[in-house]
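Working notes for the structure below.
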Amino acid sequence: MIKSTPPMGWNSWNTFGNDIHEQMIFETADVLADSGLAAKGYEYLVIDDCWSLKERDAAGRLVADPVKFPHGMKAVADYVHSKGLKFGMYSCAGNLTCAGYPGSFEHEFIDAETFASWGVDFLKYDYCYHSPIIPGQYLYRRMGLALENCGRDILFSACSWGVDETHEWIKTTGASMWRSTGDIADSWESVKNLAKQQERLHPYLGHGCFNDMDMLIVGMYGKGNVALTGCTDTQYKTHFSLWAFLSSPLMIGCDIRHMSQATRQILTNDEIIRINQDPACRQPFKLTSFWSGDDVLNYARHLDGGDIAIGFFNLNDHPATARVNLDEMGLPHSTGKTLAMKELWTGEQFTVTNSTIIKDLAPCDCAVYRARIIDQP
Ligand code: GLA
């Protein structure tokens, strides 16, 4: 299955870990559908690890845990579909999943058939307990082929954390997204680390196969399975803006049944989502930041139709100033053009003079612009 813009949805892992059950999934489906999140594009509801029994059945098939999912997985899929959403599940290229449940190694085709028979639309495929002998690309190609031949359109979400040079082979496997980072935790340190880990991998993202920087921690506030210190709303806003700007899939990880107003506002910013979902899916590029230091990340991205997205991300715990020149974006003064800027969180608008943008940023804050090319005044 080819997905032409970054997938969006919700995943159970960050908040619930092993503590998943049918009722929580149904309630989450209700909130996704009824709160307006689905209308913003969050369409996949994904159950991560820990959903199955520890043993396969006599025919070698995976079995949903009847205590957690008393009506079976098909009933869960049917409920999710009845809400106009798509349904995602999880397995692993190894013998076991990361949490120790059966993995799909040597069962790839039968598992793909099982997922198809339940009505699954998305498969996250992890990399724990994999063979030390068989190369990762062989394992992901197996499941990629199994999914393509299972009779149902299932989005393949690879999760080998960027190890074993995943970027070199992932597009050969049929994956529509691939985890290009280690696991996220609910802390500002984690956000900073993942953003920096990602920089060398920007050339690999693009149409049909997106670098997945891991599920969002927006709105977790230090509670749940991957909780650490938690973040402030400003830090969550910057985290969301970075992931969106860098074309990461946007998979919500908080308990949306109890989301705060601030969380909702962050997750539903139309203009930021529009940058994430830009049909051109062009590679972001880093802008020189020697005036501001390594912890102010300045990026730009040419958008479909000719606009430019420009983002300044202050990873410091103190104020900082971003300064960039339009030359790097392909717009030197000699072109006679400049930019009409609109900031997408505040609505602030201005025209760039002297080919330079200077922006003061509060600690941990960001500014994200959609810029339109105009004649110099
Ligand atoms: C790995 C993945 C996580 C999550 C867990 C489940 O750590 O990277 O995203 O799926 O496994 O056990």
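All residue numbers refer to positions in the sequence shown, counting from 1.
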Are [Y] and [X] linked, directly or through intermediate hydrophobic residues, by side-chain heavy-atom contacts shorter than 4.5 Å (ILVMFWY only)?
X: Val46; Y: Phe26; answer: yes
X: Met8; Y: Ile154; answer: yes
X: Tyr79; Y: Trp10; answer: yes
X: Ile374; Y: Ile357; answer: no
X: Leu147; Y: Ile110; answer: no

At what distance, to the nearest 0.5 angstrom, does [atom1] of [X] lie from [atom2] of [Y]?
X: Glu113; Y: Glu108; atom1: CD; atom2: CD; answer: 12.0 Å
X: Thr268; Y: Ile273; atom1: OG1; atom2: CD1; answer: 6.5 Å
X: Ile308; Y: Met329; atom1: CD1; atom2: CE; answer: 6.0 Å
X: Leu250; Y: Met215; atom1: CG; atom2: CE; answer: 13.0 Å
X: Ile217; Y: His239; atom1: CD1; atom2: NE2; answer: 4.5 Å
X: Ile252; Y: Met220; atom1: CD1; atom2: CE; answer: 12.5 Å

[X] atom [atom1], over 12 foreign heavy atoms within 6.0 Å:
X: His71; atom1: NE2; result: no
X: His333; atom1: NE2; result: no
X: Arg323; atom1: CZ; result: yes
X: Phe350; atom1: CZ; result: yes
X: Asp57; atom1: CG; result: yes

- Task: For the residue pair Tyr369 and Phe312, categorise the inter-ring angle as parallel (less than 30°), tilted (30 to 60°) or perpendicular (more than 60°).
- Result: perpendicular

- Task: Please work out whether the ring planes of Tyr299 and His202 are parallel, tilted or perpendicular, with thresholds of 30° and 60°.
- Result: perpendicular

Any side-chain heavy atom of [X] within less than 4.5 Å of one from [Y]?
X: Cys50; Y: Thr97; value: no
X: Asp65; Y: His21; value: no
X: Asp255; Y: Lys223; value: no
X: Trp161; Y: Thr166; value: no
X: Gln283; Y: Phe285; value: no
X: Leu246; Y: Leu297; value: no
X: Asp121; Y: Leu155; value: no
X: Leu62; Y: Pro102; value: yes

Is the backbone of [Y] close enough, under 3.5 Å, to the side chain of [X] for a donor and an acceptor to pair up by distance?
X: Ser160; Y: Val163; value: no
X: Asn14; Y: Leu216; value: yes
X: Asp365; Y: Thr234; value: no
X: Asp295; Y: Leu315; value: no
X: Asn269; Y: Leu344; value: yes
X: Asn276; Y: Ala244; value: yes

- Query: Given Trp51, which of Trp118, Tyr90, Phe69, Phe87 fulfils the ring-ring contact (aromatic ring centres under 6.0 Å, His included) condition?
  - Reply: Trp118

- Message: Side chains of Glu328 and Thr288 only: does a donor on one sit below 3.5 Å from an acceptor on the other?
- Response: yes

- Message: For a quick check under 3.5 Å, do Thr181 and Gln197 share a side-chain donor-acceptor pair by atom type?
- Response: no

What pair of heavy atoms forms the shortest contact from [X] to [Y], and how long is it?
X: Ser104; Y: Tyr125; value: CB-OH, 3.4 Å
X: Leu287; Y: Ala300; value: CD1-CB, 4.0 Å
X: Thr238; Y: Cys366; value: OG1-N, 3.5 Å
X: Lys3; Y: Phe210; value: O-CE1, 3.4 Å
X: Tyr221; Y: Ser260; value: OH-OG, 3.0 Å
X: Pro377; Y: Thr338; value: CD-CG2, 4.1 Å

Check this for me: does any side-chain nitrogen of one of [X] and [Y] sit under 4.0 Å from a carboxylate oxygen of the other?
X: Arg56; Y: Asp111; value: yes
X: Asp78; Y: Lys74; value: yes
X: Arg142; Y: Glu106; value: yes
X: Asp304; Y: Arg274; value: no

- Task: List the steps, then state whether side chain to side chain contact (heavy atoms under 4.5 Å, CB included) holds for Arg301 with Phe245.
- Result: CA-CA 8 Å; Arg301 239 175 91 188; Phe245 200 95; 4.2 Å; yes

- Item | CA sep, side-chain torsions, deciding dist, call: Ile256, Ser35, side chain to side chain contact (heavy atoms under 4.5 Å, CB included) | CA-CA 9 Å; Ile256 53 174; Ser35 67; 5.8 Å; no

- Task: List the steps and the verdict of side-chain hydrogen bond (donor to acceptor under 3.5 Å, both in side chains) for Thr321 and Asp360.
- Result: CA-CA 4 Å; Thr321 301; Asp360 292 329; 2.8 Å; yes

- Measure from NZ or CZ of Lys54 to the centre of the six-membered ring of Tyr101, then state whether that distance is under 6.0 Å and the direction lies within 45° of the axis. yes

- Query: Between Phe105 and Tyr129, is a side chain to side chain contact (heavy atoms under 4.5 Å, CB included) present by the stated rule, with each step listed?
  - Reply: CA-CA 9 Å; Phe105 181 60; Tyr129 302 106; over 6 Å; no

- List the steps and the verdict of side chain to side chain contact (heavy atoms under 4.5 Å, CB included) for Thr114 and His107. CA-CA 10 Å; Thr114 302; His107 294 83; over 6 Å; no

- Qualifying residue for salt bridge (charged side-chain N to carboxylate O under 4.0 Å, His left out) with Asp307, from Arg372, Arg370, Lys342, Arg282: Arg370

- Message: So, applying side chain to side chain contact (heavy atoms under 4.5 Å, CB included) with Pro332, which one of Asp327, Leu326, Asn325 is it?
- Response: Asp327

- Message: Against Trp178, only a single residue in Asn211, Thr173, Asp212 fulfils side chain to side chain donor-acceptor pair (under 3.5 Å); can you say which?
- Response: Asn211

- Query: SG to SG, are Cys128 and Cys98 under 2.5 angstrom apart?
  - Reply: yes

